[in-house]
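A short worksheet on the structure shown next.
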Amino acid sequence: MKITPQCVVALTWTLKDTLGDVLDELDEPVEFLLGGNDLLAKIEESLQGHQAGDRLELHLEPEHAFGDYDENLVFLEPRNIFPAELEEGMTFDGAALPAGANGQIPHEHIYTVTEIYPEHVVLDGNHPLAGIAIRLTARVESVRDATEQEIGQGSLGTGFFKLAPLTPGNDTLH
């Protein structure tokens, strides 16, 4: 079966930056819904017409991946409004920041704690891969028709590097 919009594709991949450093690796196949919200548009576009067993090599500039780094999404917030066990790498939903946070922080982002100081915490609303060109080597492991339920949901819940609120110690990006 060839890949078309509204199908489910199982992929394995290696994701690297332009220096060749591995950013992520999927050794076991993970299913994604095409035509939904699971994959970046350029990846979906490149997968069209392929079938199980095919390999793809893609180079994605930031504007086709996770966007340019936006310094306007970096905020200094008072340390005392956060829990005592705060650690770098923890994430907070912008709509659920602690009371006392800057009211100007856009609520539609996930914020990562990037630095902790005695009086302040640095929150970064950029995707961790923002501003980075990426190279993706992917293998199509299987292709199947999407169910009506999957199409209705618009996702299989395995979005490509779309961060959801993470629990401490869980730094998975996919």
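Note that this is a predicted model, so its numbers are computed, not measured. Values below: all heavy atoms of this structure, side chains included; hydrogens, waters and symmetry mates excluded.
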Would you say the side chain of [Y] lies within less than 4.5 Å of the side chain of [X], judging by non-hydrogen atoms?
{"X": "T114", "Y": "L123", "result": "no"}
{"X": "V140", "Y": "R55", "result": "no"}
{"X": "P118", "Y": "R79", "result": "no"}
{"X": "V9", "Y": "L47", "result": "yes"}
{"X": "E77", "Y": "L97", "result": "no"}

**Study point:** All side chain to side chain donor-acceptor pair (under 3.5 Å) counterparts of S142, not counting sequence neighbours
**Key:**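 For S142 there are no side chain to side chain donor-acceptor pair (under 3.5 Å) partners, ignoring immediate neighbours.
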
Review point. Under 3.5 Å, is there a donor-acceptor pair between the D38 and S155 side chains?
Key: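 On atom types as modelled, these side chains qualify, holding a pair under 3.5 Å.
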
Exercise for review: Would you kindly say whether E61 and H59 are connected by a side-chain donor-acceptor distance under 3.5 Å?
Suggested key: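 Result is yes, a qualifying pair exists.
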
Taking side chain to side chain contact (heavy atoms under 4.5 Å, CB included) as the test, write out the residues that go with [X], two or more places apart.
{"X": "D68", "value": "P62"}
{"X": "H64", "value": "K42, L60"}
{"X": "L73", "value": "D70, P106, H109, Y111, N126"}

Practice item. Applying side-chain contact (heavy atoms from CB on, under 4.5 Å), run through N80 and E119 and close with a yes or a no. Key: CA-CA 7 Å; N80 63 1; E119 299 296 321; over 6 Å; no

Practice item. Supply the members, apart from Y117, of the Ile/Leu/Val/Met/Phe/Trp/Tyr cluster built from side-chain contacts under 4.5 Å; use none for a lone residue. Key: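 ILVMFWY cluster around Y117 also holds Y69, V74, L76, V122.
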
Exercise for review: Check the pair I134, L58 against side-chain contact (heavy atoms from CB on, under 4.5 Å), reporting the backbone distance first and the verdict last.
Suggested key: CA-CA 8 Å; I134 59 174; L58 301 173; over 6 Å; no

Check your understanding: With distance as the sole test, does H120 use its side chain to make a donor-acceptor pair with the main-chain N or O of P78 at under 3.5 Å?
Key ->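 Checking the backbone N and O of P78 against the side chain of H120, no donor-acceptor pair under 3.5 Å is found.
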
Quick one: pull up [atom1] in [X] and [atom2] in [Y] and give me the separation to the nearest 0.5 Å.
{"X": "T4", "Y": "Q51", "atom1": "OG1", "atom2": "CD", "value": "12.5 Å"}
{"X": "S46", "Y": "L136", "atom1": "OG", "atom2": "CG", "value": "9.0 Å"}
{"X": "T137", "Y": "L15", "atom1": "OG1", "atom2": "CG", "value": "9.0 Å"}
{"X": "L11", "Y": "L26", "atom1": "CG", "atom2": "CG", "value": "8.0 Å"}
{"X": "D21", "Y": "K16", "atom1": "CG", "atom2": "NZ", "value": "9.0 Å"}
{"X": "E44", "Y": "L34", "atom1": "CD", "atom2": "CG", "value": "4.0 Å"}

Exercise for review: Let me see the working for F75 and V121 under side-chain contact (heavy atoms from CB on, under 4.5 Å), right down to the final yes or no.
Suggested key: CA-CA 8 Å; F75 297 90; V121 171; over 6 Å; no

Check your understanding: Which atom names give the shortest non-hydrogen contact between H107 and G94, and what distance separates them?
Key ->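 Residues H107 and G94, closest heavy atoms: ND1-O, 2.7 Å.
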
Exercise for review: Check A133 against T18 and note the closest heavy-atom contact, atom names and distance.
Suggested key: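 What the structure gives for the nearest pair is CB-CG2, 3.6 Å.
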
Check your understanding: Any chance CD of E28 has more than 12 other-residue heavy atoms, nucleotides or ligands included, within less than 6.0 Å?
Key ->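 For E28, atom CD is not crowded (no more than 12 foreign heavy atoms under 6.0 Å).
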
Review point. Is it true that atom CD of E63 has more than 12 heavy atoms of other residues, nucleotides or ligands lying nearer than 6.0 Å?
Key: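 Yes, enclosed.
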
Review point. Can you list the steps and then say if E88 with I116 is a side-chain contact (heavy atoms from CB on, under 4.5 Å)?
Key: CA-CA 7 Å; E88 287 183 14; I116 302 172; 4.1 Å; yes

Review point. Salt-bridged, R144 to E150, with N to O below 4.0 Å?
Key: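 The answer is yes: the pair qualifies as a salt bridge.
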
Exercise for review: Check the angle between the aromatic planes of W13 and F32 and answer parallel, tilted or perpendicular using the 30° and 60° thresholds.
Suggested key: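 Taking F32 first and then W13, their aromatic rings lie parallel (interplane angle under 30°).
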
Practice item. Output every pair passing salt bridge (charged side-chain N to carboxylate O under 4.0 Å, His left out) with a member in residues 126-140, not counting sequence neighbours, ordered by first then second residue. Key: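 Matches after skipping sequence neighbours: R139-E141.
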
Check your understanding: Are V143 and I151 connected, step by step, through hydrophobic side chains (Ile, Leu, Val, Met, Phe, Trp, Tyr) whose heavy atoms are closer than 4.5 Å?
Key ->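 Per the 4.5 Å side-chain linkage, V143 and I151 are not co-clustered.
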
